[in-house]
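Letters A, B, ... are given to chains in the order of the sequence lines, protein chains preceding strands, and every chain is numbered from 1.
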2 protein chains.
Amino acid sequence: MPPTPPTERRRRPSGRITLQDVAREAEVSPITASRALRGERGVAAELVARVKAAAARLGYVPDPAARALASARGTQVPVLVPLLSNALFVDVIEAVHRVLLPHGLQPLIGVTHYDPMEEEQLLRSYLAQRPAGVLLTGFDRTEAARQLVAASGIPCVYLMELTDAPGVHCVGFSQQDAGHAITQHLIERGRRRIAFIAAQLDPRVLQRAEGYRRCLRAAGLYDARLELLSPQPSSMRLGGELLEDLLRTRPEVDAVFFCNDDLAQGGLLAALRLGVAVPQRIAVAGFNDLSGSDQMLPPLTTVRTPRRAIGEVGAGMLLSLLRDEPLARSSADLGFELVVRGSS
Amino acid sequence: MPPTPPTERRRRPSGRITLQDVAREAEVSPITASRALRGERGVAAELVARVKAAAARLGYVPDPAARALASARGTQVPVLVPLLSNALFVDVIEAVHRVLLPHGLQPLIGVTHYDPMEEEQLLRSYLAQRPAGVLLTGFDRTEAARQLVAASGIPCVYLMELTDAPGVHCVGFSQQDAGHAITQHLIERGRRRIAFIAAQLDPRVLQRAEGYRRCLRAAGLYDARLELLSPQPSSMRLGGELLEDLLRTRPEVDAVFFCNDDLAQGGLLAALRLGVAVPQRIAVAGFNDLSGSDQMLPPLTTVRTPRRAIGEVGAGMLLSLLRDEPLARSSADLGFELVVRGSS
DNA sequence: CTGAAAGCGCTTACAG
DNA sequence: CTGAAAGCGCTTACAG
């Protein structure tokens with residue numbers, strides 16, 4: 001007897017296996033197949049099993065475009081970050097991918113270059129695609145962007161910063177407290193003339209600056225002339241240059257808090273080059289605990305920030321929102337950790 | 001007289017502005033509007049102008065899902081890279097975004113973690129979405145993955161490596177020649193016992209190794225005992241550890257070619273820590289010219305690789321493919337550049 | 001050069 | 001708990 005396929009498998013012109021094919025194979029209607037596959041409750045267990053088996057047998061892959069068109073919402077999740085060249089955000093993004101992909105959600109990376117206008121543009125075009133949800137960095141955006149998000153009704157989780165505003169879902173840590181903590185550490189090490197060197201000057205850097213000021217003021221040690229703020233993008237080179245500037249113009253300085261590890265690493269290397277002893281002559285601290293900071297000479301004291309966890313928890317929160325699950329908390333403070341190494 | 005809108009703007013239940021609305025506003029049929037907006041030739045210039053004006057006035061944003069469903073192909077462009085934590089690929093990705101987004105194409109970042117199986121999985125799910133095109137890293141993949149790409153008929157451009165295989169579109173540079181060139185440089189600096197330290201051992205690293213061997217063999221200087229290959233992921237820490245190993249077990253070494261700058265930076269810092277003079281005692285060279293290499297002590301000699309250009313040219317090539325434009329070349333060799341600094 | 005018809009593959013109400 | 005009908009917003013042939 002010649003072998004016959006379990007059922008007649010007619011392929012449509014496109015060659016694609018559709019929900020119809022699955023339904024036919026399982027001998028149910030397409031709607032039931034759709035419901036079974038999506039795990040909608042209220043389908044007889046036996047039918048669910050039959051449909052799932054049929055789908056597996058045929059190698060059915062749902063068409064996201066058709067789903068997006070038919071339902072109110074697609075499977076994309078725009079993730080807007082300032083920069084990809086900052087390892088910080090790459091870590092966040094990797095974590096987001098890891099959580100979202102297994103749930104059939106597709107992260108869409110958008111880069112704003114720290115420009116609220118650019119973010120607004122991106123948001124406009126992404127929201128027009130009716131994404132499932134949105135992940136945004138921080139709270140600093142144009143009024144129009146805020147409106148767009150609100151009007152869309154699309155679930156949104158904010159990363160990196162925290163707020164108490166009701167109904168706002170966010171996951172991060174207190175940038176200000178972290179800036180305070182590392183400054184406090186330098187004071188406890190006996191430092192008195194503590195400088196702050198920063199670049200980029202995005203909102204989170206300014207929050208760290210605020211923590212630095214609050215701490216030094218409380219200790220009666222604040223001196224505005226020890227703040228070196230550059231709007232240029234952060235880099236090791238710039239860190240070295242700014243440290244040189246500082247040592248020349250404020251020779252009395254005995255510690256430096258760099259707002260980011262790349263600046264601090266550059267500072268450490270410049271100190272080495274100039275023969276400035278760290279931590280004897282000046283103590284050095286960074287922020288974020290980026291790759292390489294533990295390899296410096298001396299190893300860099302810094303603040304370890306929970307960026308992977310931010311991505312994971314943020315994506316998880318969005319997932320709950322999409323499922324209308326009750327949230328344990330709408331604002332997740334993931335904290336930070338002081339990492340004391342040889343440079344302070 | 002009360003103000004009246006230019007035409008009656010009835011919104012559909014979804015609230016969305018559709019092609020229909022634009023067509024009505026421009027007083028043409030939806031098909032003509034569609035053609036005008038997509039810049040399909042064969043539409044009267046006047047109508048095109050009218051449609052575009054109407055679209056702008058209404059703030060029309062086309063629905064990618066509907067477009068994808070109706071046409072054979074969507075607007076997504078999966079970009080598969082091994083790792084996001086390697087700055088190399090982040091640069092490639094940023095360049096790809098810059099080129100693709102203005103053309104209405106949406107890059108989808110996929111991370112394979114150097115695992116062909118993982119790549120195959122990603123490919124399977126991405127191709128089921130009928131993307132407009134695909135960007136893949138290198139040529140090392142499973143047979144099934146190869147088949148998937150071929151069977152899909154979806155335009156594909158390969159990044160980072162080159163091949164002469166007909167009909168294959170690729171953009172990169174010769175990893176082997178680059179490995180050869182930096183080794184040659186070390187020979188020309190008078191070095192005779194040149195080691196190779198590598199991690200990750202992905203296909204491109206192995207190609208660089210081949211260039212290193214070819215060069216040393218030609219000079220009669222090859223010594224297999226000077227190769228240190230570790231399958232671990234690349235990092236500064238590992239670079240330092242491997243250099244220490246090397247100095248202990250092969251004290252006769254007088255130069256090291258690290259397969260990547262992060263390893264080399266770690267090596268340089270380890271040398272500093274150990275009091276090993278660079279370049280007097282050993283010359284050090286890296287690969288890729290990553291951020292920070294110019295800040296090292298001494299600054300790192302390396303090979304600058306054209307990763308931004310690879311992203312740009314690769315995306316541009318895909319764009320041409322999508323438009324059925326004739327390609328100037330199907331294989332673009334973007335070359336590399338020796339950057340000689342203090343470490344050699 | 002322009003348009004009327006049909007359909008892409010799925011899901012949302014609406015019935016039973 | 002299951003299904004027949006209609007439609008999401010666009011584009012692809014097919015006519016004229």
Between side-chain atoms of residues 48-56 of chain A and protein atoms elsewhere (two or more places apart, or another chain), which donor-acceptor pairs fall under 3.5 Å?
{"unit_1": "A/R50", "atom_1": "NE", "unit_2": "A/A26", "atom_2": "O", "d": "3.0"}
{"unit_1": "A/R50", "atom_1": "NH1", "unit_2": "A/E46", "atom_2": "OE2", "d": "3.0"}
{"unit_1": "A/R50", "atom_1": "NH2", "unit_2": "A/A26", "atom_2": "O", "d": "3.1"}
{"unit_1": "A/R50", "atom_1": "NH2", "unit_2": "A/E27", "atom_2": "O", "d": "3.2"}

Given atom CG of B/D63 and atom P of C/dG9, what is their separation to the nearest angstrom? 17 Å
Rounded interatomic separation in angstrom, taking CD from B/Q20 and C1' from C/dA4: 13 Å
If you pin B/L69 and B/S29 to their nearest nucleotides in DNA chain C, which one's is more 5'? B/S29
Considering only distance and modelled atom types, tabulate donor-acceptor pairs under 3.5 Å from the side chains of residues 63-71 of chain B, sequence neighbours left out.
{"unit_1": "B/D63", "atom_1": "OD1", "unit_2": "B/A65", "atom_2": "N", "d": "2.7"}
{"unit_1": "B/D63", "atom_1": "OD1", "unit_2": "B/A66", "atom_2": "N", "d": "3.2"}
{"unit_1": "B/D63", "atom_1": "OD2", "unit_2": "A/R130", "atom_2": "NH2", "d": "2.2"}
{"unit_1": "B/S71", "atom_1": "OG", "unit_2": "B/R67", "atom_2": "O", "d": "2.6"}
{"unit_1": "B/S71", "atom_1": "OG", "unit_2": "B/R73", "atom_2": "O", "d": "3.0"}

D/dG3, OP1 or OP2 - any side-chain N/O from A/T32 closer than 4.0 Å? yes
What would the secondary structure line of DNA chain C be in dot-bracket form, counting Watson-Crick and G-U wobble pairs under 3.5 Å, with [ ] for pairs that cross earlier ones and | for pairs with another strand? |||.||||||||.|||
Figure out the CZ/C1' separation between B/R130 and C/dG9, and round it to whole Å. 8 Å
For A/R308 and A/E94, indicate whether the former's side chain and the latter's backbone hold a donor-acceptor pair under 3.5 Å. no
Could you list the donor-acceptor pairs under 3.5 angstrom formed by side chains in residues 153-163 of chain B, with sequence neighbours left out?
{"unit_1": "B/E161", "atom_1": "OE1", "unit_2": "B/Q207", "atom_2": "NE2", "d": "2.8"}
{"unit_1": "B/E161", "atom_1": "OE2", "unit_2": "B/R204", "atom_2": "NH1", "d": "2.7"}
{"unit_1": "B/T163", "atom_1": "OG1", "unit_2": "B/A165", "atom_2": "N", "d": "3.1"}

Going from CZ on A/R98 to CD1 on A/I93, what distance comes out if it is rounded to the nearest 0.5 angstrom? 12.5 Å
Contact pattern, 5' to 3', of nucleotides 11-16 of chain D - B, S or - by protein heavy atom under 4.0 Å: BS----
B/L127 and B/V134, any side-chain heavy atoms less than 4.5 Å apart: yes
Just to verify, what does A/A145 make a side-chain contact (heavy atoms from CB on, under 4.5 Å) with, not counting sequence neighbours? A/E120, A/L123, A/R141, A/T142
A/R24 CZ to C/dG9 P, in whole Å, measures 12 Å
Could you grab the distance from atom CZ of A/R24 to atom OG of A/S29, nearest 0.5 Å is fine? 13.0 Å
What's the CG-P distance between A/L47 and D/dC1, to the nearest Å? 11 Å
